[in-house]
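Take a look at the structure set out below.
In what follows, chains are A, B, ... by sequence order, proteins preceding strands, each numbered from 1. Heavy-atom basis, side chains included; hydrogens, waters and symmetry copies ignored.
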There are 4 protein chains.
Amino acid sequence: MSDTLSPEKRDQILQGASRVFAADGYEGASMARIAQEAGVSKGTLYNYFDGKAALFSTYVAEVCQRNLAHVFDRADHDGDPAAVLREIGRRMLTMVLSDAGLTMYRMVIAEAAKFPILARAFFEAGPARAIDFLSRWLEEETRRGRLAVDDPSFAAEQFFNLCQTHLVLRRKLEMLADPSEAEIERVVDAAVRVFLRSYGVKAFT
Amino acid sequence: MSDTLSPEKRDQILQGASRVFAADGYEGASMARIAQEAGVSKGTLYNYFDGKAALFSTYVAEVCQRNLAHVFDRADHDGDPAAVLREIGRRMLTMVLSDAGLTMYRMVIAEAAKFPILARAFFEAGPARAIDFLSRWLEEETRRGRLAVDDPSFAAEQFFNLCQTHLVLRRKLEMLADPSEAEIERVVDAAVRVFLRSYGVKAFT
Amino acid sequence: MSDTLSPEKRDQILQGASRVFAADGYEGASMARIAQEAGVSKGTLYNYFDGKAALFSTYVAEVCQRNLAHVFDRADHDGDPAAVLREIGRRMLTMVLSDAGLTMYRMVIAEAAKFPILARAFFEAGPARAIDFLSRWLEEETRRGRLAVDDPSFAAEQFFNLCQTHLVLRRKLEMLADPSEAEIERVVDAAVRVFLRSYGVKAFT
Amino acid sequence: MSDTLSPEKRDQILQGASRVFAADGYEGASMARIAQEAGVSKGTLYNYFDGKAALFSTYVAEVCQRNLAHVFDRADHDGDPAAVLREIGRRMLTMVLSDAGLTMYRMVIAEAAKFPILARAFFEAGPARAIDFLSRWLEEETRRGRLAVDDPSFAAEQFFNLCQTHLVLRRKLEMLADPSEAEIERVVDAAVRVFLRSYGVKAFT
DNA sequence: AATGAATGAGTTTTCATTCAT
DNA sequence: CATGAATGAAAACTCATTCAT
């Protein structure tokens, strides 16, 4: 059945869906508009996907894979721990505050009750990946005696939460435009300071 | 004109709207279903409210007033600062994780682009109130020499973010049922520890 | 039953209905708006009239009686026949072109299929009265040898139709604002000229 | 986009719309009833037309084109002027008194305030065409010395107004069924007589 | 007799989905 | 396999009418 479906057309449809879902949300998006945006007929949509819900699920999964992966990929254990933490916090915060990140978050939150599987997929592809990365880095730094973290996974989550202070909720509530680099750095610096007071080792702070 | 509309029926409608909005979100809710759930006719809905958007706005405002007010009202400067912080964190977290809090958050986030005024109203009625309360308490404690907080408002936000570690995002993504008291306390205790390492005064820690 | 209904309130309602029907037409008018405009409750409307249709019928009848009567009341057999005709044509045309006349015509025409009785009532109260008046005047003038009209009623209708040349249809189709006195007189003068070429007597032309 | 919509179905819809609009007027017609009458679904209506207003506009335009065009197309300058005028008057009056003409007139008048563009389109397609045709004929006859018309356009309008005596208003007000040929001829003959008394040339009368 | 809250059938319009071509 | 016309079940909202107070 799916032997004759071309992957190019599948991508083409997902590109269109991407634009429309991002602009209008799940409920607001119409299959007609997605078809138009993708340059295919409405019927073709149903040849490649089982319906609107399935198309949305695939879209969220793909965007998560594409955008959220490879952001936390290289572990640096040579430089100053504080500098590394600042870089990690800055990357995470920048993505969370970006239009793409914001839109995706909103949609997933809005439809979490309806699409719990999708919500989990989002978590695994994004936050879980970041936590896992930072967690492993903290563990290794602790092993090397440069940090003193007892529960690395929990501490990683604490750090990311600290980084979201002030800016993130306000941005989600449309009370803030995309913040400047300087604003982001100010918040991240404060987060790193608080974090290291608890988990730092004297010699390195 | 609307003076003579019975407040009981108004409440009855808001009760129904409450159930339907909570279950289906703003877009997903239908006026027909709200009418049915409230036990009134569709026409009556429009006698009491100007339309779906107005009904939603009123519902959000009322729930904010009802649920979020009077949670942070008494400032305690006698006991142990750590104990006070634990109590504050526990209250905030309990509310954020409750069904009502969760539902409200989801809807406001989902519709923030469409109803920015409402999003701000939510912020003022909820998070802003909490931040303001804690901020003042931190200031007073600092004045009394029991804490050392330079930027009380920012520190307050950091504390609330720390308290949301682990549980809140997972709950928003339907990956967690309503957590137990013990789980909440474990997270809050950790938050208080980290917070006081940065902002505490030796004699009191 | 109608013993206790006050004529003042009835008039009050008709005043309100008058404004709303004139502004919005029959279909466009809402009973709620009429009640508001009349300063009574919706219920009261139904105490005085059997429903929207009945209210509309009464309104049309009353307006016809009030506005169209007493326009052609005095018969002048002393002056120049041409001058008298000009005056009659001018009066008729002015009324037909007025906002009130136009509105009434539009409504009656629009609803003639639905309210044929009302259409007839309009005809009797307006056009028929005018035709009757002119017809009798033509008859008397013919008796006095100042005109030569064989079928006075038909000739009267011909005269009124001639007077409506150019202006009336365009006004009905919203292609013309309320015309000036000069424009009206130019058309009426032409009508009188054509009319007297057929029905005039040499000595008086 | 709309290239592939079948013209047959479009016609089918317009046929249905035609029946419903004619019976109920613009406001009175419902899209549901039009769909039913046309034998299509409500959705299909919106595939072919942008909405009720657009459907109505198209309907009026098509009927005007279909019914009013090609009625006054051949100019005859050989026969008796009186005979030619009688033929022109008869044709015009027959159309104005027909069910199609009557219905169209009623609707256009009723909605002229809401659709002034449509009212003008009706005027151009119908009355204007007739006036133009007769006007040119009168001019040519005058040039040939068979008539003496100074203002051909105005005289043409006078003639058409004279032809509408007695029958037209009564028919519009539902006080008359479709009149017989004999009645029409009686009125037209009288109109021609009056017209030629003013604009005729002795030798030809 | 007056009120106006309540009703519910009605309105236009949208849209996910199907299926003949 | 791709198409897009057709569908029909919703949606939000209106309004003439009724009836308890």
Side-chain angles (χ1 to χ4, degrees), chain A residues 1-6 9 27-36 39-55, chain B residues 1-6 8-10 13 27-36 39-55, chain C residues 1-6 9 27-36 39-55, chain D residues 1-6 8-10 13 27-35 39-53 55:
Chain A
M1 202 186 296
S2 69
D3 295 335
T4 50
L5 295 173
S6 84
K9 192 144 282 186
E27 297 270 12
S30 87
M31 293 297 263
R33 185 143 158 54
I34 289 173
Q36 188 192 25
V40 300
S41 73
K42 267 186 289 178
T44 301
L45 255 48
Y46 287 85
N47 286 338
Y48 283 84
F49 298 94
D50 278 344
K52 194 184 182 183
L55 179 53
Chain B
M1 203 183 295
S2 69
D3 296 334
T4 51
L5 295 171
S6 87
E8 291 83 12
K9 190 140 283 184
R10 206 191 102 106
I13 290 170
E27 297 271 14
S30 88
M31 293 298 262
R33 187 146 155 52
I34 290 173
Q36 189 190 26
V40 300
S41 72
K42 261 185 294 175
T44 299
L45 254 49
Y46 288 87
N47 286 340
Y48 283 84
F49 299 93
D50 279 343
K52 193 183 181 185
L55 177 54
Chain C
M1 198 187 296
S2 70
D3 294 337
T4 49
L5 295 173
S6 84
K9 192 143 283 186
E27 298 270 12
S30 86
M31 293 297 262
R33 187 144 156 52
I34 290 173
Q36 189 193 26
V40 301
S41 74
K42 267 185 290 177
T44 300
L45 255 48
Y46 287 85
N47 287 338
Y48 284 84
F49 299 93
D50 278 343
K52 196 184 181 184
L55 179 54
Chain D
M1 203 181 297
S2 68
D3 296 334
T4 51
L5 294 172
S6 87
E8 291 83 11
K9 191 140 282 184
R10 206 190 102 107
I13 291 171
E27 297 270 14
S30 87
M31 292 298 262
R33 188 147 153 52
I34 290 173
V40 301
S41 73
K42 263 184 291 177
T44 299
L45 254 50
Y46 287 87
N47 286 340
Y48 283 84
F49 299 94
D50 278 343
K52 194 184 179 184
L55 178 54

* Assign C:Ala29 to base, sugar-phosphate, or nothing according to its heavy-atom contacts below 4.0 angstrom with the strands shown. => sugar-phosphate
* In whole angstrom, give the distance that lies between atom CG of D:Leu45 and atom C1' of F:dA9. => 16 Å
* Structure fact -> Rounded to the nearest 0.5 Å, the CG atom of B:Leu45 sits from the CD1 atom of B:Ile13 at a distance of 5.0 Å
* Which pair of non-hydrogen atoms, one from A:Lys42 and one from A:Met31, has the smallest distance, and what is that distance? -> CG-O, 4.2 Å
* To do: Would you mind reading off the distance between B:Leu5 atom CG and F:dA20 atom P, rounded to a whole angstrom?
  => 19 Å
* Starting from C1' on F:dT7, measure out to CD1 on D:Ile13 and report it in whole angstrom. => 13 Å
* Asked: Is any side-chain nitrogen or oxygen of D:Thr44 closer than 4.0 Å to OP1 or OP2 of F:dA5?
  -> no
* Comparing D:Lys42 and A:Tyr48 on DNA chain F - which has the more 5′ nearest nucleotide -> A:Tyr48
* **DNA chain E: 5'-proximal contact among D:Tyr46 and A:Glu27 (nearest heavy atom)** => D:Tyr46
* Structure fact -> Of E:dA6, F:dA6, E:dT3, the nucleotide closest to the side chain of D:Lys9 is F:dA6
* Value in whole Å for how far the P atom of E:dG8 lies from CD of B:Gln36 -> 13 Å
* Structure fact -> Pairs under 3.5 Å (Watson-Crick or G-U), crossing ones as [ ], inter-strand ones as |: DNA chain F comes out as .||||||||||||||||||||
* Atom pair distance, as rounded to whole Å: CG in B:Asp50 and P in F:dC13 -> 10 Å
* To do: Give a yes/no on whether any side-chain N or O of C:Asn47 is located under 4.0 angstrom from OP1 or OP2 of E:dA1.
  => no
* Tell me which nucleotide among F:dT17, E:dT3, E:dT12 gets nearest to the side chain of C:Met31. => F:dT17
* Please check if the side chain of B:Tyr48 supplies one atom and the backbone of B:Leu55 the other of a donor-acceptor pair under 3.5 Å. => no
* Rounded to whole angstrom units, what separation is found between the CZ atom of A:Phe49 and the P atom of E:dT18? -> 16 Å
* Within this structure, what is the CZ-to-P distance between C:Arg33 and F:dT14, rounded to whole angstrom? -> 15 Å
* Structure fact -> Residues A:Lys52 and A:Glu27: closest non-hydrogen pair is NZ-O, 3.6 Å
* On DNA chain E, check which nucleotide each of D:Gly28 and A:Gly43 is closest to and give me the residue with the more 5' one. => D:Gly28
* Within less than 4.0 Å of OP1 or OP2 of F:dA12, is there a side-chain N or O belonging to B:Lys52? -> yes
* Asked: Nearest-Å distance, CZ (D:Arg10) to P (F:dA6)?
  -> 13 Å
* Asked: Think C:Ser41 has a side-chain N or O under 4.0 angstrom from the OP1 or OP2 of E:dT3?
  -> yes
* Search all heavy atoms of C:Asn47 against all heavy atoms of C:Leu5 and return the closest pair with its distance. => O-CD1, 3.5 Å
